[in-house]
Amino acid sequence: MSEVRLRFAPSPTGYLHVGGARTALFNWLYARRMDGKFILRIEDTDLQRSTKEYEQAILDALKWCGLDWDEGPDVGGPYGPYRQSERTKAGIYSEYAKKLVEMGRAYYTVYDKIDRKKELLRTFDFPKDYVDQGHDVTINFKVQEGKTRFYDLLKGELEFDNSTIGDFVMIKSDGFPTYNYAVVIDDHLMRITHVFRGEDHVSNTPKQIMIYEALGWDIPQFMHIPLILGFDRTPLSKRHGATSVEHFRRIGILSKGLMNYLALLGWSVGEEEIFDVKEKVKQFNPSTISNKGVIFDPSKLEWVNGKHMRLMNVEELLEEFNDWINFAGKKVPQVERPYALRVVQVCREKVNTLAQLYEFAYPFFFDDYSFEEQFVSEYLLSPFAEELLKKAIDMFNNLEDWSVMGTEKVCRELAGLGIASKNKVFQTLRGAVTGRLVTPGLFETLSILGKQKTTERLTRTLEYRSTKIRERTAQT
RNA sequence: GCCCCCAUCGUCUAGCGGCCUAGGACACUGGCCUUUCAAGCCAGAAGCAGGGGUUCGAAUCCCCUUGGGGGCGCCA
């Protein structure tokens, strides 16, 4: 059996959309499952909208997703070039277009110079005079009578009456091919065996089939994947907020988490929900993908992501975290690796994204955290706080054992002093060393912070309290 | 308008004629744990779009209606 070859063919007119990423993922999954090839092709025939920046952004996003390709514009391959603009310059599309004209399956259309939509004539002969005079000329495919059918892996046998399909442009007047034409030429020349793409291409498929048939080429296996929709059931777009892969990366979603969620969206692998997509390659069966439009649910994405954060080993998470800090352009914590590992270990228990992790871990990394309003009004300014903090500074200064058990012992002693209730004592201490009322466990927090930071912070908080009290007295 | 696709809890799904008084997950609600909590554990509420058939029997098969989506570009 010949080699299975699949491709993902984005057009560089925007960032990689999660829908595109899902399509790429399914292509990739099947290529890997069949020990075939995954090819990346850039469809940049829309001169107006395509940019190099977007192309690079898409490549970066795909790489981040872990969807590596065997052939593509950056790595080359036996069937290159892999950019349609380059293939156009190489004359690949016009060659077959001319052939189709010669066969009588396509014709030239000449348009009016002023009213550029108005057809002047159709001809099988190259209209040299008109071209010389500067008229727009396209090459159009001539649709014949009959029916066109094809088999879709997901939808089964599909049939279209050719009378519902009009002749269509293959070569635009700027010399570039249209999508429906170029895709056929490229897929054939690149030996593509399976075309997995969005459902929005179903109605275009018969046009492509007609070209395959006219040229006497084998038709690849098609599978059209339902679109990803927003909660209002309209296709997921900017109107639903940012939808690019880059956006989810920015808000701290792990590549593993995104891929896992995207795979889950329309494809169920038994009861299991949390997995590394790469480990599910063997079980990938494209025909089990759901056949209905699916709604993108950000809250489930977050949940999946949080699970991954808690399941992966801490070293790996720390690495992801550092990469993210860098990517997101956040202030980089200047701490030792063992310290960072402990922080990540305790903080990941209660967050679902790297951004949340950063936010949650902030007081462990930096001293410039601020005090939460509620902590100040409800605890810090309370009468008991002064005595408690003084006592705490004293006891922590004398503490030698900074293990979790050690800090717990001191905390419990402080709570037993009768200065305030246990809850108030703990919350006051928590706020005093982190500025907030919601943090990892207090004993762990203190243990990680250590003697120097803890006592410094307690002292500083006590001073802050005095200043606040003075301000308040001055006002009244 | 014409053509095509789709239809199980709010969402993602299991189900492929009897195992279904429809299972799981997210979200939601309540409880537990408890030093806070966004983590964890337990419990609950929530669904086969509607109508006809076929059949001893239908979420599962067929038809219609309704609803949703896609396409009909010198966009991809």
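So you know, we letter chains A, B, ... as the sequences are listed, proteins then strands, and number each from 1.
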B:rA38 -> Watson-Crick or G-U wobble partner, both distances under 3.5 Å, gives none

Close aromatic pair by centroid cut-off 6.0 Å: A:Trp267 and A:Phe284: yes

_Under 3.5 Å: donor-acceptor pair, side chain of A:Asn305, backbone of A:Leu301_ = no

When rounded to whole Å, the CD to P distance for the pair A:Gln427 and B:rU34 reads 16 Å

Of B:rC26, B:rG40, B:rA76, the nucleotide closest to the side chain of A:Ser299 is B:rC26

The Watson-Crick or G-U wobble partner of B:rG18, with both key distances under 3.5 Å, is B:rC56

**Prompt:** Counting N and O atoms only, with roles assigned by atom type, does the side chain of A:Arg87 sit under 3.5 Å from a partner on the main chain of A:Pro81, one being a donor and the other an acceptor?
**Reply:** yes

Check whether any side-chain N or O of A:Lys292 sits under 4.0 Å from OP1 or OP2 of B:rG67, and answer yes or no.
-> no

Separation of B:rC72 atom C1' from A:Gln208 atom CD, nearest Å, is 14 Å

Partner of B:rA7 under the Watson-Crick or G-U wobble criteria, both distances under 3.5 Å, comes out as B:rU66

note: A:Arg310, atom CZ; B:rA39, atom C1'; distance rounded to Å ~ 6 Å

From the candidates B:rA25, B:rC75, B:rU11, the one with an atom nearest any side-chain atom of A:Arg49 is B:rC75

Result for 5'-nearest mapping on RNA chain B, choosing between A:Leu227 and A:Glu444, is A:Glu444

Residues 407-451 of chain A vs ring-ring contact (aromatic ring centres under 6.0 Å, His included), sequence neighbours excluded, gives A:Phe426-A:Phe443

Among B:rU36, B:rG70, B:rC74, the one nearest any side-chain atom of A:Val169 is B:rC74

- Query: Are OP1 or OP2 of B:rC75 and a side-chain N or O of A:Lys172 less than 4.0 angstrom apart?
  - Reply: yes

Which of B:rC72, B:rU36, B:rG70 is nearest the side chain of A:Asn423? It is B:rU36

| task | Classify the angle between the aromatic ring planes of A:Tyr362 and A:Phe366 as parallel (below 30°), tilted (30 to 60°) or perpendicular (above 60°). | result | tilted

Comparing nearest nucleotides in RNA chain B, the 5'-proximal residue of the pair A:Leu301, A:Thr288 is A:Thr288

Winner on side-chain proximity to A:Val438, out of B:rA76, B:rC4, B:rU36, is B:rU36

Out of B:rA38, B:rG10, B:rC5, minimum distance to the side chain of A:Phe231 belongs to B:rG10

- Phosphate oxygens OP1/OP2 of B:rC75: is one of them under 4.0 Å from a side-chain N or O of A:Ser11? no

A:Glu271 CD to B:rU13 C1', in whole Å, measures 9 Å

- Query: Has the side chain of A:Asp200 got a donor or acceptor that lies under 3.5 Å from a partner of the other kind on the base of B:rA76?
  - Reply: no

Pairing partner of B:rC72, by Watson-Crick or G-U wobble and under 3.5 Å for both distances, is B:rG1

Check: Taking N and O atoms by type only, does the side chain of A:Lys155 place a donor or acceptor under 3.5 Å from a partner on the base of B:rC5?
Finding: no

Of A:Tyr15, A:Trp324, A:Phe296, A:Tyr261, the one forming a ring pair (Phe, Tyr, Trp, His ring centres under 6.0 Å) with A:Phe248 is A:Phe296

Here the distance between atom P of B:rC37 and atom CG of A:Leu437, to the nearest Å, is 9 Å

Can you find a donor-acceptor N/O pair under 3.5 angstrom joining the side chain of A:Thr164 to the base of B:rC3? no

Between CZ of A:Arg430 and P of B:rC37 the distance, given in whole Å, is 9 Å

Looking only at B:rG10, B:rU35, B:rU36, the nucleotide nearest the A:Lys350 side chain is B:rU36

Taking only side-chain N and O atoms of A:Arg348, does any of them lie within less than 4.0 angstrom of OP1 or OP2 on B:rA38?
no

Distance check: side-chain N/O of A:Arg233 vs OP1/OP2 of B:rC6, anything under 4.0 Å? no

Closest of B:rC12, B:rU13, B:rA39 to the A:Leu265 side chain is B:rC12

Using a cut-off of less than 4.0 Å, is there contact between a side-chain N or O of A:Ser268 and OP1 or OP2 of B:rA14?
-> yes

Check whether the side chain of A:Lys424 and the base of B:rU35 form a donor-acceptor pair under 3.5 Å.
no

* **Aromatic plane relationship, A:Phe150 with A:Phe222 - under 30° parallel, 30 to 60° tilted, over 60° perpendicular** => perpendicular

Taking B:rC5, B:rA38, B:rA27 as options, the one with an atom nearest any side-chain atom of A:Trp303 is B:rA27

With a cut-off of less than 4.0 Å, is there a side-chain N or O of A:Asn352 near OP1 or OP2 of B:rA38? no

Mate of B:rG44 across any strand shown (Watson-Crick or G-U wobble, both atom pairs under 3.5 Å) is B:rC28

- Query: Below 4.0 angstrom from OP1 or OP2 of B:rU35, is there any side-chain N or O of A:Lys422?
  - Reply: yes

A:Asp232 CG to B:rG67 P, in whole Å, measures 17 Å

- Query: What integer number of Å spans the P atoms of B:rU8 and B:rG47?
  - Reply: 14 Å

Indicate yes or no for a side-chain donor-acceptor contact from A:Arg41 to the backbone of A:Ala9 under 3.5 Å, with no hydrogens or angles considered. no

Against the side chain of A:Asp297, the closest entry in B:rA25, B:rU35, B:rU11 is B:rU11

Practice task
Report yes if at least one side-chain N or O of A:Ser203 is closer than 4.0 Å to OP1 or OP2 of B:rC72; otherwise report no.
Solution key: no

